[in-house]
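I have placed the structure first, in the form of C-alpha cells, so that the comments after it can refer back to it.
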Protein chains: 2
Amino acid sequence: MARLPVYLRALNSLLEAEVRSCSSEELATAAGVNSAKLRKDLSHLGSYGTRGVGYDVEYLRYQISREIGLTQDWPVVIVGIGNLGHALANYSGFSSRGFRTVALLDADDSRTGELVAGLKIRAFRELTAIVHEHGVAIGVIATPAAAAQSVCDQMVSAGIRSILNFAPTVLTVPDGVDVRMVDLSSELQILAYHEQRKAQLQSGDAPVVATGSEGVA
Amino acid sequence: MARLPVYLRALNSLLEAEVRSCSSEELATAAGVNSAKLRKDLSHLGSYGTRGVGYDVEYLRYQISREIGLTQDWPVVIVGIGNLGHALANYSGFSSRGFRTVALLDADDSRTGELVAGLKIRAFRELTAIVHEHGVAIGVIATPAAAAQSVCDQMVSAGIRSILNFAPTVLTVPDGVDVRMVDLSSELQILAYHEQRKAQLQSGDAPVVATGSEGVA
DNA sequence: AAGAGTTTGTGAACGTGGGAACAAACCGAG
DNA sequence: CTCGGTTTGTTCCCACGTTCACAAACTCTT
C-alpha cells in the first residue's frame, strides 16, 4: 500500500519526540489521513495494536519497516548524472532508509571518474556487470527523455525489475517489471490547473458549469 | 484531472513526429491508458474530436493547454536551494511549459547572491515582496523537512495558494490552498515493497496468504 | 470483581472511478 | 443518395477504496 511510507515517517517523528505509544487518531492526524482508513490499513498487516490502549510506536515502526522490506538492504543504481541525478545521489533520504546507492552511471564517457556524493561516475556499459555483482533490483532513471526507454530496456535485460523513472516519458516494460514515474513538470501543471479553477471561481464565472465550448469559434 | 499533462506530452510527441490527426486508440497507447478512459477524460473538456475521424493533434493540444492553464504565464518561486533546489532551478521541463522561475530563495544568508541557473539566490525574507511584485501563485518547497512547515506558512500568508512540496513532511494548510507532495524516498519504498513481494512469490511462499503474523514471537 | 471509559478491528453503506458496450455521427465509395 | 466502415461520446455496470458505525477487547478505578 502506498500509504505505508507515510505512516512510517509519522512514526519516526513520534519516536523522535519520544512518544512511546499512540492511538490511531493521533497517528492518523500526523499522517494526514482518516483514522478508520489508517486502522484498516494496519489491520491488513496484522493485529499490532491493543484495544483500549493504541499502538506501540517502536513495535509498529518495526513491523511496517519489515512489511515494506526496509529491514533488508536494497542496492540501487542511478543512471543519468545530470542536475537531477546529482541531487538524487546526494539525497540523504535514500541512504537513511535502507537504500544503498552502489553505482552512478552516465552515458557521457567524459564524465567517467568524476566524484559525486563519494562515488565515482562509471560508464553506462558497465550496468550489467554491476547489477550482477551487487544483486541490484532497483534502478533509477534520471536521463533525458530521449534516452530513457533505451536505458530502461537495458536495465530490464540486466535483471532489474523495479524502476523509478524521472524522465518525462511513458516507459513500456514486460510483465513482472514495476515502474513508478515521477514527473516534476506534471506536478506543476496539476497545480496550475487547480490554481486556474480557483481564479475563475473568484472572478464570477462560478455559477456557470464549464462546458469548454464557450469562446470556441 | 491528473492525466491531462500525460496526454499533453503524448500530443507533443505526436506533433514532433508530424502526425496531424490521431484516434483515441493511438493517443491512449501513447499515453499508456485505456482508450475509453481517454475519451471520457477528453469529453469532459468538450467535444474536440470528430466521429469517424479522430482528433486533430494541434487543436487538441491547444485545448488541453488552455484547460490546464498553460496558455498563461505562471511565475514560480523556489525556496531551499540545496541539491534538489539546484536541480529544480535548472530543470528545463519547467521553463518550457509556461512556468517561469522568478526567484530562488534560501534561508542561509551566506548563499545570497550566488548565481544558480541564471538567477541570483535571494534572502528568504524577501518572499512576500517578491510574491506581490510578480503575482506569484505557485511556490516550490525544497528545504529540509524541519523548515518546510514554517516556509509553507509564510508562503500562505504571503498569498501563495498552490505549493509543490519536496520536503518529506505532511504540510497542514488552510482551506483554499493546494499542496502536492513529491516524496522521493516514499517512491523507492513502494518499489521495495513490490520487489519484496515478487521475491517472496518466487521463493515458494506463494500459496500462503500472508497474514503478517508468522515468525512473530 | 465489576463497571465505566477507551480504543482497536471489522462489517456494511456509500461514493467514485474504470472498463465494456452501444448509439450517434462522420467519411467515402458506388 | 444510400450504405458500409470507422471513431467519438455516452451509458451502464462493476469493483475498489473510503467512511461510518458498532462490537470486541483492554485498562483503570472503585
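Proteins come first, then strands; the chains are lettered A, B, ... in the order of their sequence lines, and each starts at number 1.
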Checklist line | Where A:V170 and A:Q149 come nearest, the two heavy atoms and their spacing | finding: O-OE1, 4.0 Å
Next item on the list: Among A:K40, A:R39, A:K37, find the one that has a side-chain hydrogen bond (donor to acceptor under 3.5 Å, both in side chains) with A:S24.
Entry: A:R39
Checklist line | Distance test, side-chain N/O of A:S24 to OP1/OP2 of C:dT7, below 4.0 Å | finding: no
Next item on the list: For A:L27 and C:dT7, give me the distance from atom CG to atom P, rounded to whole Å.
Entry: 14 Å
Notebook entry, point to check: Is the backbone of B:S162 close enough, under 3.5 Å, to the side chain of A:K198 for a donor and an acceptor to pair up by distance?
Noted result: no
Margin query: As a test of understanding, state which of B:Y7, B:Y62, B:Y59, B:Y55 forms a ring-ring contact (aromatic ring centres under 6.0 Å, His included) with B:Y48.
Written below: B:Y59
Notebook entry, point to check: At what distance, to the nearest 0.5 angstrom, does CD1 of A:I68 lie from CG of A:L4?
Noted result: 5.0 Å
Note to self: Between C1' on D:dG17 and CG on A:L4, what's the gap in Å once rounded to a whole number?
What the structure shows: 15 Å
Notebook entry, point to check: Starting at CD of B:E26 and ending at C1' of D:dT7, how long is that distance when rounded to a whole Å?
Noted result: 11 Å
Next item on the list: Would you indicate which nucleotide in C:dG18, D:dT19, C:dG9 comes nearest to any side-chain atom of A:K37?
Entry: D:dT19
Notebook entry, point to check: Could you state the CG-C1' distance from B:L38 to C:dG17, rounded to the nearest angstrom?
Noted result: 15 Å
Notebook entry, point to check: So, is B:Y55 close to the D:dG9 phosphate, meaning a side-chain N or O under 4.0 Å from OP1 or OP2?
Noted result: yes
Check: Any side-chain heavy atom of A:S65 within less than 4.5 Å of one from A:L8?
Finding: yes
Hey, what are the protein-to-nucleotides 26-30 of chain D N/O distances that come in under 3.5 Å?
from, atom 1, to, atom 2, distance (Å)
D:dC26, O4', A:R51, O, 3.1

Next item on the list: Give a yes or no answer on whether the side chain of A:E26 reaches the backbone of A:S23 with a donor-acceptor pair at less than 3.5 Å.
Entry: yes
Notebook entry, point to check: To the nearest Å, how far apart are A:D41 CG and C:dT10 C1'?
Noted result: 13 Å
Next item on the list: Using whole Å, report how far NE2 of A:H44 lies from C1' of D:dG17.
Entry: 10 Å
Check: Which residue lies toward the 5' end of DNA chain D, A:M1 or B:L42, if each is placed at its nearest nucleotide?
Finding: B:L42
Pick out the pairs of N or O atoms, protein on one side and nucleotides 20-22 of chain C on the other, that lie under 3.5 Å.
from, atom 1, to, atom 2, distance (Å)
C:dA20, OP2, B:N34, ND2, 3.4

Checklist line | Spatial distance of atom CG (A:L164) from atom CZ (A:F94) [nearest 0.5 Å] | finding: 6.5 Å
Next item on the list: Ignoring backbone atoms, establish whether A:S43 has a side-chain N or O less than 4.0 Å from OP1 or OP2 of C:dT10.
Entry: yes
Notebook entry, point to check: In whole Å, what is the span from the CD atom of A:E25 to the C1' atom of C:dG5?
Noted result: 16 Å
Note to self: Taking only side-chain N and O atoms of B:R3, does any of them lie within less than 4.0 angstrom of OP1 or OP2 on C:dG17?
What the structure shows: no
Check: Quick check: does any side chain N or O of B:E58 sit under 3.5 Å from a backbone N or O of B:L15, one acting as donor and the other as acceptor?
Finding: no
